[in-house]
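Proteins come first, then strands; the chains are lettered A, B, ... in the order of their sequence lines, and each starts at number 1.
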Amino acid sequence: MPELPEVETYRLYLEGTSMHQRIENIEVEDPKLLTTTYAALTDALVGRMFTDTRRVGKNLFVMTDGAPIVHFHFGMTGDLAYYHNSLPRPRFARIVFGFAGGFSLGFLCPRKFERIGLVESIEAHLLRKKIGVDALDITPEVLFENLRRRKSPIKSVLLDQTTVAGIGNWIVDEVLFQAKVHPEKNAGTVTIGDAERLHAAIQKVLQTAIAREANYGQFPTDFIIHARQWGASPYAQADRHLQCPCGKAAVAQSRVGGRATYFCPLCQING
DNA sequence: CGCTATGTTGTTCC
DNA sequence: AGGAACAACATAGC
C-alpha cells in the first residue's frame, strides 16, 4: 500500500537487510517491470552492492558502489521481501536480487504496476518527472503557493505529486479530515490559514503512519480512515466505523477526481 | 461473474 | 501553452 509511509518503511527495511552484500544475479520475470533494459540493469549492478538509500515522496533511490542509482516505484501494491534461498521464493517476487551469502531481496509486484530502473542522478529524475518537495519537508508557505494557483478540487491537487510528493488516496482523505477541509474545495480559494492547517495535518498523519510502520489499522480512533472500506483486509469488515469520530454524522462516501473519497459532511464544510 | 483497487501516464479537450 | 478530466494500464481479491 505504497504511499509515503509505506515507502519509508520499505526504505528502512532495505537498509536493515540488503546493504553491503555483493549482487550475484538479478532475475526479472517480465521486462515490462523495468524502465531500463535487462542488460543495462545487470551490467550496472552485478558485482556491485547497495550502499545508501534516499526516499522522495513515493520514490525510493538506492545508491551502489558503482555509478548508477537504482530507482524503485511501488505502484499500488509493491512490497519487498528479504529471504534466505533455502526458503521458497515469495509469491509475486517478479524481480529478485540474489546476494553473495545466500540471501535474496524480492521486489513483490502483484499487479505489475511497479517499476525498477536506473537513473543518472536523483535530481535529474525528480526534474524529469516533475516531482515536487517531499511532504515531510514542504513549508506551509510553499504549500499555499502551490495550492492557490490551481483550480481543481483540493483533493486532486494534493494527490498531484508536483504539488507535494508522497500523498496518496488514503492519506489525503485523512489529511483533509484532520484539517477540516472539504475534499472538493476549489484549491484556488485556500487561505494561508487553510494551508497552515493542511501542513500541520500532513505532518501529523505522516508521522503517525510512519511510527506505526504504515499499519493503518493502528491509527488513533479519532482518524476517519477507520470508515474506509479496505478491499481485501479482514480488518476492514470487522472494525469498520461508519460514524465520524465527531459522533454527529455518518461518514460520507463519494468520488473526487475519479478516486474513492471519504469525508464528514459536518466537520468538513465546503466554504 | 462483475466490481473495486493504494499510482502514474497518455490523450483529448478547452 | 498549459491545465483539467479521465481512460488505460495488469492483476488479485471479494
If the threshold is 4.0 Å, N to carboxylate O, is there a salt bridge linking A:E27 and A:R89?
yes
Gap between atoms CD and C1', on A:E174 and B:dT6 respectively (whole Å)
15 Å
Checking A:R11 against A:T53: is there a side-chain donor and acceptor pair closer than 3.5 Å?
yes
I'd like a list of close polar pairs between nucleotides 8-11 of chain B and the protein, N/O only, cut-off under 3.5 Å.
residue: B:dT8; atom: OP1; partner: A:H73; partner atom: NE2; Å: 2.8
residue: B:dT8; atom: OP2; partner: A:K58; partner atom: NZ; Å: 3.3
residue: B:dT9; atom: OP1; partner: A:K129; partner atom: NZ; Å: 2.8

Using the side-chain contact (heavy atoms from CB on, under 4.5 Å) rule, pick out the option among A:T42, A:I95, A:V96, A:I116 that qualifies with A:V28.
A:I95
Using atom names, set out every protein N or O paired with an N or O of nucleotides 4-6 of chain C below 3.5 Å, distance rounded to 0.1 Å.
residue: C:dA4; atom: OP1; partner: A:K151; partner atom: N; Å: 2.8
residue: C:dA4; atom: OP2; partner: A:R150; partner atom: NE; Å: 2.8
residue: C:dA4; atom: OP2; partner: A:R150; partner atom: NH2; Å: 3.1
residue: C:dA4; atom: O5'; partner: A:S152; partner atom: OG; Å: 3.2
residue: C:dA5; atom: OP2; partner: A:S152; partner atom: OG; Å: 3.2

For A:N186 and A:T189, does a side-chain donor sit closer than 3.5 Å to a side-chain acceptor?
no
Should the pair A:R94-A:D30 be classified as a salt bridge under the 4.0 Å nitrogen-to-oxygen rule?
no
Assign the ring pair A:Y10 / A:F74 to parallel, tilted or perpendicular, where the plane angle (0 to 90°) is split at 30° and 60°.
tilted
Just the table, please: protein N/O against nucleotides 12-14 of chain B N/O, every pair under 3.5 Å.
none

In whole Å, what separates the P atom of B:dT11 from that of C:dA10?
15 Å
Quick check for you: to the nearest 0.5 Å, what is the distance between A:R149 atom CZ and A:F144 atom CZ?
11.5 Å
Would you check, one step at a time, whether the test side-chain hydrogen bond (donor to acceptor under 3.5 Å, both in side chains) holds for A:E6 with A:Y216?
CA-CA 10 Å; A:E6 287 91 346; A:Y216 297 120; 2.8 Å; yes
A:K130 atom NZ is separated from B:dG7 atom P, nearest whole Å, by 20 Å
Write down the distance between CZ (A:R255) and C1' (B:dT4), rounded to a whole number of angstrom.
8 Å
Describe, in one word, how the ring planes of A:F99 and A:F50 are oriented to each other, choosing from parallel (under 30°), tilted (30 to 60°) and perpendicular (over 60°).
perpendicular
What dot-bracket string describes DNA chain C from 5' to 3', counting Watson-Crick and G-U wobble pairs whose defining distances are under 3.5 Å, with [ ] for crossing pairs and | for pairs to another strand?
.||||||||.||||
Taking only distance into account, with no hydrogens and no angle test, what donor-acceptor pairs under 3.5 Å do side-chain atoms of residues 120-127 of chain A form with protein atoms, sequence neighbours excluded?
residue: A:S121; atom: OG; partner: A:A124; partner atom: N; Å: 3.0
residue: A:H125; atom: NE2; partner: A:H71; partner atom: NE2; Å: 3.4

Calculate, to the nearest 0.5 Å, the distance between atoms CE and CE belonging to A:M63 and A:M49 respectively.
15.5 Å
Might you list the N or O atoms of the protein lying below 3.5 Å from N or O atoms in nucleotides 9-11 of chain C, with each pair's distance?
residue: C:dA10; atom: OP1; partner: A:K32; partner atom: NZ; Å: 3.4
residue: C:dT11; atom: OP1; partner: A:K112; partner atom: NZ; Å: 2.7

Determine whether the side chains of A:N146 and A:T163 contain a donor N or O and an acceptor N or O closer than 3.5 Å.
no
Spatial distance of atom CZ (A:R22) from atom CG (A:D65) [nearest 0.5 Å]:
5.5 Å
Kindly compute the distance separating CD (A:E184) from NZ (A:K155), expressed to the nearest 0.5 Å.
10.0 Å
Taking the six-membered ring where the residue is Trp, are the ring centres of A:Y83 and A:F103 under 6.0 Å apart?
no
